[in-house]
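Data first, discussion second: the structure below is written as structure tokens.
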Amino acid sequence: MSDVTPAGQPTAIDIFTAPLEHESDTTVLSQLISDGVIDPAQIVAVTGKVEGNTPGENSRGNAMDAVRRLLTGAAKLPEEHVAQIPFVLSSGGVGILSPHLAVYTRSPWEGPVGESRLVLGTALSDPILPEWVGRRQTVEQVAATVHRAAQQAGIAPEDAEYVLTKNRGVSAADIQEAAARGVRIEPFDRAHATAQTTGGAALGIAVATGAIAMPDESAIGFDGSLYSPVASCSAGNENERSQVVLLGNSAAAGGSLRVGHAVMHDLLDITALHRALRSAGMDIADGAILSPAQRARVKALYVKVGTPIEGRLRGRRQVHQGQNPAYFNELKAAVAGAYSVFMQDTIMYISNAAFHQGPEGGGTVAAIVSQR
């Protein structure tokens with residue numbers, strides 16, 4: 001379903017926040033469904049922040065499986081329908097970040113249209129082979145999937161305000177499986193492994209939205225001058241397909257929500273938050289702390305953060321990577337702390353490793369704001 005029904009009726013996107021008491025918690029979502037607040041058949045995407053922090057943990061997979069069990073069990077949706085709902089979940093619920101799900105629904109709209117309102121398109125890529133991760137094939141697959149998501153949303157790909165993806169990672173089992181097929185997967189350079197894994201997806205978004213031409217494969221994870229200003233990509237072993245959630249605005253849509261984005265130039269660029277909020281329709285000055293009324297209007301916030309270039313943040317040395325194995329979690333917690341002060345809330349989606357997602361050393365920010 002796009003921003004109009006087959007009968008030509010406009011539709012509206014809404015978002016419901018479900019805090020998580022543990023990674024498989026569906027209590028709030030189940031209550032929203034049983035109370036009739038959410039029609040499960042209208043759920044079109046799920047994003048969220050879950051708590052896992054240790055190597056090898058499966059908090060994202062556990063959270064996704066729990067929601068799928070709820071939808072196919074108590075909600076009685078067909079398994080094939082639920083399998084098409086993309087889940088873009090980020091683990092690493094560090095610092096004061098609060099684990100939660102953001103559940104998106106699409107429903108018919110009987111009110112007036114003509115204002116620019118939130119539209120959402122989703123699509124799943126074809127299965128990504130492990131040897132394609134970080135390679136040109138991933139760029140091509142994600143670009144094609146973004147095009148399909150934009151078509152579903154009823155907007156041109158270049159009009160996307162933000163694109164979230166969850167992509168395939170490469171596990172030891174994947175490497176063994178490929179070897180059994182006679183395919184050798186060369187290990188990624190450790191310093192660039194995450195940038196290559198998620199970078200291919202980010203460059204696929206950049207290609208699809210017209211930010212860049214198709215890059216050379218050698219640029220993936222290395223050339224920081226190539227990026228998408230509207231991408232937030234991460235990877236995991238819970239999916240073989242790239243899960244794409246594309247957000248934009250259209251005058252043909254109903255509802256009260258609008259999405260806006262901003263580029264974060266470096267990790268101290270906190271006014272990226274305010275620029276994203278203004279882009280989404282909120283009248284707010286740089287550096288302002290949100291009032292309770294303003295905070296109530298923010299239905300979702302997404303922040304993708306990069307790593308300081310060559311270990312320097314505005315010239316100041318950072319003790320990171322090999323010198324500090326906990327640096328990436330600490331970085332995410334630090335940015336979350338700064339954003340939480342201005343938001344006056346701890347529910348937000350913050351993910352690190354933003355290579356090819358905003359300028360090198362920076363990142364991207366998106367906010368979804370109610371216009372009421």
Side-chain angles (χ1 to χ4, degrees), residues 15 47 49 88 90 97 102 116-120 146 155 157-165 198 202 205-206 208-212 224-234 245-250 257-291 294-295 297-309 313-314 331-332 334-345 347-371:
I15 306 171
T47 69
K49 193 72 190 174
V88 181
S90 172
L97 282 173
S116 187
R117 292 292 182 258
L118 177 67
V119 291
L120 177 147
V146 169
I155 61 174
E158 57 267 28
D159 291 332
E161 282 285 333
Y162 211 59
V163 184
L164 296 127
T165 69
T198 61
I205 295 170
T209 56
I212 64 170
S225 70
L226 301 177
Y227 67 85
S228 166
V230 300
S232 175
C233 305
S234 57
V245 177
L246 179 144
L247 304 170
N249 300 301
S250 170
L257 304 182
R258 178 177 171 83
V259 60
H261 79 275
V263 166
M264 185 191 310
H265 298 292
D266 66 20
L267 301 184
L268 299 181
D269 183 16
I270 190 65
T271 61
L273 166 64
H274 302 84
R275 298 194 300 273
L277 290 169
R278 286 196 295 271
S279 177
M282 179 177 288
D283 182 12
I284 188 168
D286 284 352
I289 293 176
L290 271 67
S291 69
Q294 288 173 322
R295 178 61 191 94
R297 291 177 56 200
V298 181
K299 301 305 179 183
L301 178 68
Y302 298 97
V303 185
K304 187 73 183 182
V305 298
T307 305
I309 302 171
L313 180 54
R314 298 194 185 180
L331 178 153
K332 190 162 31 179
V335 174
Y339 273 71
S340 295
V341 167
F342 289 94
M343 289 293 296
Q344 290 294 288
D345 200 349
I347 285 188
M348 61 189 71
Y349 179 112
I350 294 188
S351 175
N352 62 4
F355 206 77
H356 299 312
Q357 298 150 73
E360 190 173 5
T364 62
V365 181
I368 300 176
V369 174
S370 173
Q371 307 307 295

| message | Could you work out, with side-chain contact (heavy atoms from CB on, under 4.5 Å) as the rule, every residue matching S340, not counting sequence neighbours? | response |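 With neighbours one apart ignored, the set is I96, T346, M348.
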| request: Output all residues satisfying side-chain contact (heavy atoms from CB on, under 4.5 Å) with P308, sequence neighbours left out; order by chain, then residue number. | output: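 By the side-chain contact (heavy atoms from CB on, under 4.5 Å) rule, P308 matches L267, L313, Q318, Y327, L331.
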Check whether [X] reaches the backbone of [Y] with its side chain - one donor and one acceptor, N or O, closer than 3.5 Å.
{"X": "K299", "Y": "L257", "result": "no"}
{"X": "R258", "Y": "N249", "result": "no"}
{"X": "Q371", "Y": "S116", "result": "no"}
{"X": "H356", "Y": "L226", "result": "yes"}
{"X": "H261", "Y": "E161", "result": "yes"}
{"X": "R295", "Y": "L290", "result": "no"}

| query | Could R278 and D283 be called an ion pair, given the rule that one side-chain N must be under 4.0 Å from one carboxylate O? | reply | no
| query | Any side-chain heavy atom of Y302 sitting closer than 4.5 Å to one from S232? | reply |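 No, every pair of side-chain atoms sits at 4.5 Å or beyond.
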With sequence neighbours excluded, what pairs up with [X] under the side-chain hydrogen bond (donor to acceptor under 3.5 Å, both in side chains) test?
{"X": "T271", "result": "D269, R275"}
{"X": "T364", "result": "Y162"}
{"X": "S228", "result": "none"}

| request: Using salt bridge (Lys or Arg N to Asp or Glu O under 4.0 Å) as the criterion, list what pairs up with D159, not counting sequence neighbours. | output: none
| query | If you take all heavy atoms of F355 and E360, which pair is closest and at what distance? | reply | CE1-OE2, 3.7 Å
| request: Grab the two heavy atoms, one from A262 and one from A272, that are nearest each other, plus how far apart they are. | output: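 Heavy-atom minimum between the residues: CB-O, 3.4 Å.
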